[in-house]
Amino acid sequence: MSNSVINPAIKEIVLEPDKAQRQYWFDLWRYRELFYFLAWRDILVRYKQTVVGVAWAVIRPLLTMVILTVVFGQLAGMDSGGTPYPILVMCGMLPWQFFATAMSESGSSLVRNSSMVSKVYFPRLIVPASSVITSLVDFMISAVILVCVMIYYQFMPGWEVVFLPLFVAMAFLAAFGVGVWVSALMVRFRDFRFIVPFIVQFGLYISPVGFQSGVVPEQWRWIYSLNPMVGVIDGFRWAILGGEHKIFVPGMAISIVLVLFIVYSGIWFFRKTEKTFADII
Amino acid sequence: MTEKSIKVENLSKKYIIGKHAQKGDGLRHVLQHAAAAPFRWASNGFRKDPKTYEEFWALKNLNFEVGVGEVVGIIGRNGAGKSTLLKLLSRITEQTEGRITLRGRMASLLEVGTGFHPELTGRENIYLNGAVLGMTRLEIKRKFDEIVDFAEVEKFLDTPVKRYSSGMYVRLAFAVAAHLEPEILVVDEVLAVGDIEFQKKCIGKMSDVAGCGRTVLFVSHNMAAVQRLCDRAIVLSNGEMIYDGTTNKAIDQYLADTRQTFAKPLIERTDRSGTGQVQVISMSLLNEQGNEITEVASGQRATVRVGYRCRDGKTINNAAVNVVFLREDRICSVLASGTVRHEPMMFAGEGYVDMIVEAWPFTEGLYQVDIYLESEECHDAINAAELHVVDGDYYGTGSIRPNQHWKDVGVLINHRCEPVSTTQKMLHSGS
């Protein structure tokens, strides 16, 4: 044969328009370490040059909890179904804040990493996905507060708590799905920079964060469930508080289907527009 | 048959430019466009939407093969499609038509420092950058000491790179990229940046890489470097391959292409980048009497006249003109309207701007002239012409250059020289 330096193990890559599909999922696997490194970078960088550092992950939800407890529990005097109001609020706020930060972080992730996108190849899906992971770490830290509050009120969760990881996964998927949509759209339309904070602000009030979704009249419950975070938050409350906080089953089903649809369509849209990212970012 | 490491077949890349892209690519425009669609169909008698955009083929029907271990130069004027080709080869963007077959991993030195985060330490950035470039954690770990050695940053490994000097930063970034050990290496104009030491390191690394039977694609405007490193070169012009063969012949082709391009009136040229609202339509060099000249002498009073045209006779406020002179791809000097005028200019319809140079300060040689027109909302850039400068009496003393053998000097500085003898003064004060 011709040359001794030729290594038969070297892979041949064929690039053709619109035929990258098979290659893509393989590459996603091959670049899995980049996924891990990007999440690790964001976690490292997040609290650098802040005085209290990681404590911010605790302070933010703690203060929000106090405010929501005062506003909804004390001033509005809403029904808590027998559980201490701070716990009720924390159970709604944890998943909500996770969703909100994860969605906005991953939504802006491509634009934030534009120099990488326009200079090197890697499956772009890694970027929004790793941002969600970063927010998951914040979520874990904030979860400690909930545990503390529960210890303070001597509140013991029931057997339902084993389903909690399922609802964390649902929140993760919801954040990822919306994040993927927004990140792909933001490459082209920077308008989403302004739309996302609005969704976050608005969403806090239309999701059952400061109150329980039981206060919504029965005939509207299924429409209310069109907000996928309703399913997630109800699931959280049921898993942790159990008893009184029953899941509205048709609503939950709608939420789950909706989340899966958003994730699926998000990936579809992302893949469709991905090849033009480097040209228009 | 020898093994091929790159095979390119019928490769084409189309970009959409023109009216649609300029009108603002924002959400508002898209929504307006969608909302107006029914009316548009109605007014067109329900025929298909007329074209509201222009197509631009950055690459057209490219075919070539590169064998394993070959060092191939890719040359061409700005806008010829070199960087588009690199982007396609490195999979940053996707071609419109055609097929590329790559054998092995490809890395490019134009990605030096991509993914570096200023807040992270040198150590952390080595891992991050390595991962971005496609290395696995094990690979990076194995080469870590080698990378640190090469970059000479041991002492600062745990310092955030934002505290690094720019030299250290570039060294570290280059070290990571250089240890990727790709089967195919792309070097893009790297020789035009960084200090001489860095350039030497780049060239050294390239020769090493080529020596190991790896394939190198070298993209440059620097013909001397191409000649030194490559046995074969490909010439691109307006997205098409006009020559593929020995380096010397390729350079001849490139120069011929350049002459041909400059012979064309600016108004007809498409190798420009800009938004389209304003265009450079002419450039001429005038002497003191206002007559057009083809070359200028050092020290001569001369005017660069830049003609512009705004689309549809519109008016453009806050306009600026920059005329950039380059020699061997390095900027020598810039005539910038913003630095010499207190108020910005207004362009209306068609006209010209005169940039008057009292005493031409360049030494003899061939210079590239790039012209940039810009305002807040639009711009246009073109590699407009070549400028021949001949020796002249710049200093008004009859001396031409600081030293007759000093060919590298590009810019002359007018100065006075006043000798003072301190010995004499001391004698005076002593008496």
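Here is the naming used below: chain letters follow the sequence lines, and residue numbers restart at 1 for every chain. The shown structure was predicted, so the numbers you read here are calculated from the model rather than taken from an experiment.
The shortest heavy-atom contact between B:I92 and A:S118 is CG2-O, 3.7 Å. A pairwise comparison of heavy atoms in A:L15 and B:L88 identifies CD1-O, 3.8 Å as the closest pair. Counting all heavy atoms, side chain and backbone alike, B:E94 lies closest to A:K275 at OE1-CD, 2.7 Å. Shown here for A:Y121 and B:R91, the closest heavy-atom pair between the two residues is CD1-O, 3.1 Å. Residues B:G134 and A:Y31 share a closest heavy-atom pair of CA-CE2, 3.9 Å.
Taking 4.5 Å as the limit, every side-chain heavy atom of B:I100 sits out of range of all side-chain heavy atoms of A:V14. Side-chain atoms of A:L34 and B:V132, non-hydrogen and from C-beta on, do get closer than 4.5 Å to each other.
Taking OG1 of B:T93 as the reference point, atom CZ of A:F277 lies at 11.5 Å (rounded to 0.5 Å). Atom OH of B:Y127 and atom CD of A:E33 lie 10.5 Å apart (nearest 0.5 Å).
Heavy atoms of B:S5 lying under 4.5 Å from chain A are absent altogether. For A:Y36, the part lying near chain B is the side chain, with the backbone staying farther off; criterion is any non-hydrogen pair under 4.5 Å. When heavy atoms are compared at a cutoff of 4.5 Å, A:T276 does not approach chain B at all. Neither the backbone nor the side chain of B:E9 comes within less than 4.5 Å of any heavy atom of chain A. Proximity to chain B is limited to the side chain of A:R124, based on heavy atoms less than 4.5 angstrom apart.
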Would you check, one step at a time, whether the test side-chain contact (heavy atoms from CB on, under 4.5 Å) holds for B:K13 with A:D279?
CA-CA 11 Å; B:K13 169 79 180 172; A:D279 297 334; 3.1 Å; yes
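Remark: B:K7 NZ is loosely packed, at most 12 non-hydrogen atoms of other residues, nucleotides or ligands lying under 6.0 Å away. Atom CZ of A:F261 has 12 or fewer heavy atoms from other residues, nucleotides or ligands within 6.0 Å. Counting heavy-atom neighbours within 6.0 Å of A:W56 CH2, excluding the residue itself, gives a total of 12 or less.
Of the listed residues B:L120, B:N125, B:L89, the one with more heavy-atom pairs under 4.5 angstrom with chain A than any other is B:L120.
Proximity of a side-chain donor or acceptor of B:E119 to a complementary backbone N or O of A:V45 within less than 3.5 Å is not detected.
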